[in-house]
Amino acid sequence: TSFGYKQVREEEKSKLVGNVFSSVASSYDLMNDFMSVGLHRLWKDRLVSKLNPFPGMKHLDVAGGTGDVAFRVLERIKSVGHRAMQGTLTENEEDTHIYVCDINPNMLNVGKKRAAERGYSEEHCLSWIQGDAEALSFEDGSMDGYTIAFGIRNVTHIEKALSEAYRVLKRGGRFLCLELSHVDVPVFKEIYDVYSFSVIPTIGELVAGDRQSYQYLVESIRRFPNQEKFAQMIQEAGFQRVEYENLVGGVVAIHSGLKL
Ligand code: SAM
């Protein structure tokens, strides 16, 4: 198509996660805003500012069906590119390529639709690829950056996704993960527990007409390893200079690592 959509063979996928996001896809944006009171936008901004995108970069956003992260990366590169044009830098904006990979075609369709609405339909630097984080279809050492926002929690084998991230990155490439994490602040933790166990499934029922899917989301947050444990897993995948930043007391965390 006009904006470079590539069809890649369908990967093996977890049926449960697939079903959850198929039924959630259409009300996805609305629910994100409701559940996070709009904060997910700031969290994604923070993620992309840590990535430090540059013109000409090859970037992979995994579990990025809605394009939220990819659009931010692209916008940032454009603003850097324009600054460079005024100066003497010669980076070639046209070499920039952002790959959005998601296991679920419905989520990719939401992203593609939004790309068209934002006037990105003529962009050749965006590709929408159906694929599994655990078995990426990209070459070894082909990416400058890898992001995954609110995605790794849904992956069946986190270790496999991390080692795939490591494999596809170039030396010097950056791994960044934004994920709902564990709150460890007294009182706030209790309030957050009530919010997530009672309020989120209720909002899910009222707004998206789907209590069960949102109950699943809350349970998956509980099961996800805490900040320290996840940092250790990233290190075990081979990454160096692994660190994390808690946002809103650990409601979300951004983990990062470098492939050196
Ligand atoms: N990154 C987007 C954002 O922050 O708005 C979407 C996050 S959404 C909560 C989680 C996404 O992960 C869904 O689009 C889902 O289809 C995708 N997903 C789940 N398991 C996956 C896997 N194994 N490989 C790739 N994507 C996966």
Side-chain angles (χ1 to χ4, degrees), residues 8-36 38-48 51 59-74 98-115 118 126-138 145-165 167-168 176-181 196 200 204 208 210 213-221 223-224 247 251-255:
V8 163
R9 77 188 165 87
E10 234 187 273
E11 304 281 348
E12 281 269 303
K13 52 190 162 186
S14 152
K15 221 176 170 184
L16 177 63
V17 170
N19 289 344
V20 165
F21 286 105
S22 294
S23 73
V24 164
S26 54
S27 51
Y28 182 78
D29 289 345
L30 188 63
M31 280 306 296
N32 263 351
D33 276 328
F34 260 106
M35 287 188 303
S36 76
L39 285 173
H40 72 103
R41 294 163 189 269
L42 301 180
W43 298 335
K44 286 169 186 165
D45 287 344
R46 181 79 187 139
L47 177 78
V48 172
L51 176 67
H59 183 73
L60 172 62
D61 182 43
V62 174
T66 56
D68 245 22
V69 172
F71 298 147
R72 280 173 171 77
V73 174
L74 202 55
I98 299 163
Y99 301 86
V100 181
C101 170
D102 198 287
I103 205 162
N104 186 308
N106 296 329
M107 293 301 279
L108 286 171
N109 286 336
V110 174
K112 280 188 267 181
K113 193 164 151 262
R114 288 177 55 193
R118 285 165 176 242
L126 264 181
S127 299
W128 305 88
I129 293 158
Q130 191 183 352
D132 188 342
E134 293 185 29
L136 297 172
S137 58
F138 304 93
Y146 174 110
T147 47
I148 183 163
F150 305 119
I152 205 152
R153 188 172 26 93
N154 302 300
V155 160
T156 314
H157 307 97
I158 296 171
E159 299 84 357
K160 276 193 195 161
L162 291 174
S163 78
E164 278 293 86
R167 181 183 67 75
V168 300
L176 281 164
C177 173
L178 172 65
E179 192 49 87
L180 290 153
S181 202
S196 50
I200 287 184
D210 185 354
S213 291
Y214 286 91
Q215 220 144 20
Y216 160 78
L217 295 188
V218 172
E219 279 156 24
S220 72
I221 301 170
R223 282 197 305 269
F224 192 70
L247 304 173
V251 170
V252 294
I254 298 176
H255 281 74

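Heavy atoms only: backbone and side chains are in, while hydrogens, waters and symmetry mates are out. Please read all numbers here as calculations on a predicted model, not as lab measurements. Counting convention: from 1, in listed order, for ligands and their atoms alike.
F150 CZ to L47 CG: the interatomic distance, rounded to the nearest 0.5 Å, is 8.5 Å. Note that OG of S36 and NZ of K44 are 7.5 Å apart. Values are rounded to the nearest 0.5 Å. One finds the OG atom of S196 at 11.0 Å from the CG atom of L217 (value rounded to the nearest 0.5 Å). For the atom pair CG of L178 and OG1 of T147, the computed distance is 9.5 Å after rounding to the nearest 0.5 Å.
Remark: side-chain polar atoms of R167 are paired, donor with acceptor, to backbone N or O of L136 under 3.5 angstrom. A donor-acceptor pair under 3.5 Å is formed between the side chain of H59 and the backbone N or O of G145. Checking side-chain atoms of E134 against main-chain N and O of K160 turns up no donor-acceptor pair under 3.5 Å.
Shown here are the side-chain contact (heavy atoms from CB on, under 4.5 Å) partners of D45, two or more places apart in sequence or in another chain: L42, R72. Residues passing the side chain to side chain donor-acceptor pair (under 3.5 Å) test with R153 are E179, S220, sequence neighbours excluded.
Which parts of ligand 1 touch N154 is read off a 4.0 Å heavy-atom cut-off, strictly below it: atoms 10 (C), 19 (C). Atom numbering of ligand 1 starts at 1 in the shown order; those under 4.0 Å from a heavy atom of A133 are 22 (C), 23 (N), 24 (N), 25 (C). Residue G131 has at least one heavy-atom neighbour below 4.0 Å for each of these atoms of ligand 1: 24 (N), 25 (C). Residue K44 approaches ligand 1 through these ligand atoms, each under 4.0 Å from one of its heavy atoms: 3 (C), 4 (O), 5 (O). The atoms of ligand 1 that sit less than 4.0 Å from any heavy atom of T66 are 2 (C), 3 (C), 5 (O). Interface atoms of ligand 1 facing A63, defined by a heavy-atom separation under 4.0 Å, are 1 (N), 2 (C), 6 (C), 7 (C), 11 (C), 12 (O), 17 (C), 26 (N). Listed by atom number, the atoms of ligand 1 under 4.0 Å from G64 heavy atoms are 1 (N). The atoms of ligand 1 that sit less than 4.0 Å from any heavy atom of N104 are 16 (O).
Ligand 1 has no nitrogen or oxygen under 3.5 angstrom from a nitrogen or oxygen of V62. Considering backbone and side-chain atoms alike, D132 places an N or O below 3.5 Å from some N or O of ligand 1.
Of all the heavy atoms of E134, none lies under 4.0 Å from any atom of ligand 1, so neither backbone nor side chain is involved. At a heavy-atom cutoff of 4.0 Å, ligand 1 is contacted by both the backbone and the side chain of I103.
Within the 4.0 Å heavy-atom shell around ligand 1 one does not find C101. Look at D102 and you'll find a heavy atom under 4.0 Å from some atom of ligand 1.
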